[in-house]
Amino acid sequence: MSNKLLEIKNVTAYINQKRVFENLSINIELGCSTVILGPNGAGKSTLLKLLSREIFPVYKEDSCIKIFDKENWNIWDLRSKIGIVSNDLHQFIYGSAEGINVILSGLFASPDIWEYQKVTDKQIKNAEKILDYLDITRLRQREFECMSTGEQRRCLLGRALINDPDVLILDEPTSGLDVKACFQYVGIIRDLIQQGKTVILVTHHIHEIPPELNNVLLLKDGRILYSGSKKEILTNENITALYETPLKLVQTDGYFNILPG
């Protein structure tokens, strides 16, 4: 059985008639937690839309997008294997949804829980365990719109965890969070990786890359600039090329940050 999580081969894709990718190729192994790092406009959001089947690539005979070695997925089957947290999802959830219902809504891909959706006692208990794990039990009956941004992000992560997926794809998960909330969230990501989850982190914030995450893809202008291990790829020269300005990296306790070059 193959251990390949993601294979993107020679993919060309458009957003609103604008070509974002041309002949893009990416390979990620299951268990190889990866950061996709790039500036705004690099194509990170478009890549997520390809993976979540919100958009489709241009058809070509030598082109494919395979997830767990399959091209054609029933979206419900895929949801049980991959949990996604994104800004689009953040906007999708109803403001009136209570915390526990935000988490349970991941079972149905809905913005809230409706009366016709049958939720079992076991599923409710599982959602309560997730609330406890994320330290947000206090949000069980709080409406989404009355939460802080950090609390909302934790609820969305809980929503992604409700199906116990093998893989989590996190798009700019700490955007808009203060320093405390940011590193609390990163701490949860670290724990999930240590539990055996494969995490794909999509970001332009180097400081939020957990030490446990060892594979790096640098994405610029719709193409992979560099890819490989964190030690090989996160260099002053590569980061300067990525952001087109002189930069230098500093490293402390497995974390990286950027300073002017």
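A donor-acceptor pair is defined here as one N or O able to donate and one able to accept, closer than 3.5 Å; such a pair exists between the side chain of S229 and the backbone of E232. Here the side chain of N236 pairs a donor or acceptor atom with the backbone of L249 at under 3.5 angstrom. For S25 (side chain) and N10 (main-chain N/O), a donor-acceptor pair under 3.5 Å exists by modelled atom type. K44 places no side-chain N or O within 3.5 Å of a backbone atom of E172 that could act as its donor or acceptor partner. In this structure a side-chain-to-backbone donor-acceptor pair under 3.5 Å is missing from R190 to P210. The main-chain N or O of N238 is found under 3.5 Å from a side-chain atom of T235 such that the two form a donor-acceptor pair.
Under 3.5 Å, the side chains of T240 and E237 contain no donor-acceptor pair of N or O atoms. For the residue pair S105 and R159, a side-chain donor N or O sits within less than 3.5 Å of a side-chain acceptor on the partner.
Note that CD1 of I189 and OG of S33 are 10.0 Å apart. Values are rounded to the nearest 0.5 Å. Taking CZ of F108 as the reference point, atom CD of Q117 lies at 5.0 Å (rounded to 0.5 Å). How far CD1 of I100 is from CD1 of I130: 9.5 Å, rounded to the nearest 0.5 Å. In this structure, L168 CG and I188 CD1 are separated by 11.5 Å, a value rounded to the nearest 0.5 Å. Here the straight-line distance linking atom CG of L219 with atom CG of L242 works out to 8.5 Å at 0.5 Å rounding. For the atom pair CG of D166 and CG of L5, the computed distance is 9.0 Å after rounding to the nearest 0.5 Å.
Across H204 and Y243, no two heavy atoms sit closer than the pair O-OH, 3.3 Å. Of all non-hydrogen atoms in I258 and I206, the two that sit nearest each other are CD1-CD1, 3.2 Å. Between E29 and T198, the shortest heavy-atom distance links the atoms O-CG2, 4.4 Å. The two residues A127 and L104 come nearest to each other via the heavy atoms CB-CD2, 3.8 Å.
By the 30° and 60° cut-offs, the orientation of the rings of F183 relative to H207 is tilted.
Linking ILVMFWY residues whenever their side-chain heavy atoms come closer than 4.5 Å, directly or via other members, places I209 and Y185 in the same cluster. At a threshold of 4.5 Å between side-chain heavy atoms, the hydrophobic network of Ile, Leu, Val, Met, Phe, Trp and Tyr places I36 and I55 in one connected group. Linking Ile, Leu, Val, Met, Phe, Trp and Tyr whenever their side-chain heavy atoms come within less than 4.5 Å leaves V186 and I200 in two separate clusters. Follow the hydrophobic side-chain contacts under 4.5 Å out from I8 and you never reach V58; the two are in separate clusters. Grouping the Ile, Leu, Val, Met, Phe, Trp and Tyr side chains by contacts below 4.5 angstrom, directly or via other members, places L89 with V102.
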Hey, mind stepping through R142 and E151 against salt bridge (Lys or Arg N to Asp or Glu O under 4.0 Å) and telling me if it holds? CA-CA 10 Å; R142 189 177 302 176; E151 291 170 338; 3.4 Å; yes

Between K197 and D191, does the salt bridge (Lys or Arg N to Asp or Glu O under 4.0 Å) criterion hold? Intermediate values first, please. CA-CA 9 Å; K197 301 288 187 189; D191 187 63; over 6 Å; no

Apply side-chain contact (heavy atoms from CB on, under 4.5 Å) to residues L259 and L247 and explain how you reach the verdict. CA-CA 6 Å; L259 297 175; L247 298 169; over 6 Å; no

Working note: N23 + K60, criterion side chain to side chain donor-acceptor pair (under 3.5 Å); need CA distance, chi angles, decisive distance, verdict. CA-CA 10 Å; N23 297 326; K60 296 185 294 183; 2.6 Å; yes

Full working for side-chain contact (heavy atoms from CB on, under 4.5 Å) between E98 and I113: CA-CA 9 Å; E98 295 182 352; I113 290 294; over 6 Å; no

Can you list the steps and then say if F68 with I82 is a side-chain contact (heavy atoms from CB on, under 4.5 Å)? CA-CA 10 Å; F68 296 107; I82 297 180; 4.0 Å; yes

Are V167 and I67 close enough, and set up right, to give a side-chain contact (heavy atoms from CB on, under 4.5 Å), and what steps lead you there? CA-CA 11 Å; V167 178; I67 301 174; over 6 Å; no

How far apart are the C-alpha atoms of N215 and T34, what are their side-chain angles, what is the distance that settles it, and do they pass the side chain to side chain donor-acceptor pair (under 3.5 Å) test? CA-CA 5 Å; N215 194 47; T34 298; 3.0 Å; yes

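More than 12 heavy atoms of other residues, nucleotides or ligands sit less than 6.0 Å from atom NZ of K230. Counting heavy atoms of neighbouring residues, nucleotides and ligands inside a 6.0 Å radius, atom CG of D62 exceeds 12 of them. Sparse packing is recorded around NZ of K248, with 12 or fewer heavy atoms of other residues, nucleotides or ligands lying under 6.0 Å away.
Comment: E22 does not engage R223 in a salt bridge, judged by the lack of any side-chain N to carboxylate O separation of less than 4.0 angstrom. In summary, R138 and D132 do not engage in a salt bridge, as defined by a charged side-chain N under 4.0 Å from a carboxylate O.
Screening D171, L37, L170 for a side chain to side chain contact (heavy atoms under 4.5 Å, CB included) involving T203 leaves a single residue, L37. Checked options P173, S175, C182; the residue passing with R153 is S175 (criterion: side chain to side chain contact (heavy atoms under 4.5 Å, CB included)).
The side chain to side chain contact (heavy atoms under 4.5 Å, CB included) test applied to E71 returns C64, K66, not counting sequence neighbours. Checked against ring pair (Phe, Tyr, Trp, His ring centres under 6.0 Å), Y94 has the following partners two or more places apart in sequence or in another chain: W114.
Ring to ring, H90 and F144 are close: their centroids are under 6.0 angstrom apart.
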